[in-house]
A.B. asks: 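Would you mind keeping the following structure in view while I ask a few things?
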Amino acid sequence: LERRGITDPTRTEIIRGSGVEMDQYPVTPLPLQPPFICAYAGRMIRMKGLDDLYAAFEIIRSNGRSDIHLWLCGLPDPGNPQSWDEGRLRTWEKHNPAITWKGHQSMRDIW
């Protein structure tokens, strides 16, 4: 990004990750037909856009699409004032059958 002039080198820092074991994620073909699964993996907090995800899946449901599902993978963060509790997530599941809160999941199991 620096070489292409997209970022300012004086304001850029590389944060090294722990790496990904690519052999744990084999290439698989995309499904040719429904159901399709969208997944969110992260903390169950408002600032991650969960309101928007929920609204999007309400629109999908109101349009009669039952072939697209959302997996919410992660846990609430009780130390965060924007955290959503298990009750809200269970209510979402009950209200919209296309949404499933799966709790904590390993990334390998999700993808």
Side-chain angles (χ1 to χ4, degrees):
L1 294 175
E2 288 177 4
R3 282 192 301 261
R4 292 181 180 209
I6 296 171
T7 63
D8 177 355
T10 64
R11 298 182 54 150
T12 305
E13 183 176 340
I14 294 175
I15 301 173
R16 303 247 182 241
S18 60
V20 174
E21 294 181 36
M22 293 306 293
D23 61 332
Q24 299 293 315
Y25 299 89
V27 175
T28 56
L30 291 173
L32 298 177
Q33 59 189 8
F36 300 107
I37 298 172
C38 301
Y40 163 83
R43 294 178 295 157
M44 298 294 123
I45 56 177
R46 179 180 311 266
M47 68 186 295
K48 298 289 186 177
L50 293 178
D51 283 330
D52 295 329
L53 268 175
Y54 182 75
F57 272 81
E58 283 294 287
I59 292 168
I60 289 169
R61 187 179 120 191
S62 71
N63 287 331
R65 298 292 305 261
S66 61
D67 56 349
I68 303 172
H69 301 271
L70 172 63
W71 288 356
L72 297 172
C73 304
L75 298 173
D77 181 359
N80 188 314
Q82 290 191 348
S83 182
W84 288 4
D85 62 18
E86 182 175 338
R88 174 177 264 183
L89 297 164
R90 296 286 181 213
T91 299
W92 277 15
E93 285 182 307
K94 197 180 307 179
H95 180 71
N96 188 334
I99 298 174
T100 303
W101 177 49
K102 299 183 80 62
H104 176 76
Q105 301 285 308
S106 76
M107 293 306 288
R108 180 179 176 196
D109 292 340
I110 296 168
W111 305 127

A.B. asks: Donor-acceptor check, side chain of Arg43 to backbone of Lys48, threshold 3.5 angstrom: yes or no?
C.D. replies: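 Absent.
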
A.B. asks: So, for Glu21 and Tyr25, which heavy atoms are closest and what is the spacing to 0.1 Å?
C.D. replies: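 In terms of heavy atoms, the two residues are closest at O-CD1, 3.5 Å.
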
A.B. asks: Show the numbers, then the answer: is there a ring pair (Phe, Tyr, Trp, His ring centres under 6.0 Å) between Trp92 and Tyr54?
C.D. replies: CA-CA 8 Å; Trp92 277 15; Tyr54 182 75; 4.2 Å; yes

A.B. asks: How long is the straight-line distance from CD of Gln24 back to CZ of Arg108, given to the nearest 0.5 Å?
C.D. replies: 4.0 Å

A.B. asks: Run the side-chain contact (heavy atoms from CB on, under 4.5 Å) check on Trp84 and Asp51 step by step: do they pass?
C.D. replies: CA-CA 10 Å; Trp84 288 4; Asp51 283 330; 2.8 Å; yes

A.B. asks: As an exercise, state the distance from CZ of Arg3 to CG of Leu1, rounded to the nearest 0.5 Å.
C.D. replies: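 Separation between the atoms: 9.0 Å.
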
A.B. asks: Any idea which heavy atoms bring Glu93 and Trp101 closest together, and the distance?
C.D. replies: OE2-N, 2.8 Å

A.B. asks: If hydrophobic clusters are built by linking Ile, Leu, Val, Met, Phe, Trp and Tyr wherever their side-chain heavy atoms come under 4.5 Å apart, do Trp71 and Met44 end up in the same one?
C.D. replies: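 No; Met44 is not reachable from Trp71 via cluster members.
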
A.B. asks: Does the Gln105 side chain pair with the main chain of Cys73, one donor and one acceptor, at a distance under 3.5 Å?
C.D. replies: no

A.B. asks: On a heavy-atom basis, which atom in Pro97 and which in His69 lie closest, and how many Å separate them?
C.D. replies: O-ND1, 4.3 Å

A.B. asks: State whether the side chain of Asn80 and the backbone N or O of Ile45 hold a donor-acceptor pair below 3.5 Å, judged by distance alone.
C.D. replies: no

A.B. asks: Side-chain heavy atoms under 4.5 angstrom apart, residues restricted to Ile, Leu, Val, Met, Phe, Trp, Tyr: same cluster for Ile68 and Ile99?
C.D. replies: yes

A.B. asks: Measuring only between side-chain heavy atoms, which start at C-beta, is Leu72 closer than 4.5 Å to Leu50?
C.D. replies: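 In contact.
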
A.B. asks: Using a cut-off of 6.0 Å, state whether more than 12 heavy atoms not belonging to Glu2 lie near its atom CD.
C.D. replies: yes

A.B. asks: Atom CZ in Arg46, atom OG in Ser83: separation rounded to 0.5 Å?
C.D. replies: 10.5 Å

A.B. asks: Are Glu58 and His95 close enough that some pair of their side-chain heavy atoms sits under 4.5 Å apart?
C.D. replies: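 Result yes, sub-4.5 Å side-chain heavy-atom pair found.
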
A.B. asks: Transitively linked via ILVMFWY side-chain contacts under 4.5 Å: Ile110 with Met22?
C.D. replies: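 Yes; tracing contacts between hydrophobic side chains, which count when under 4.5 Å, links both residues.
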
A.B. asks: Just wondering, are more than 12 heavy atoms of other shown residues or ligands nearer than 6.0 Å to CZ in Arg65?
C.D. replies: no

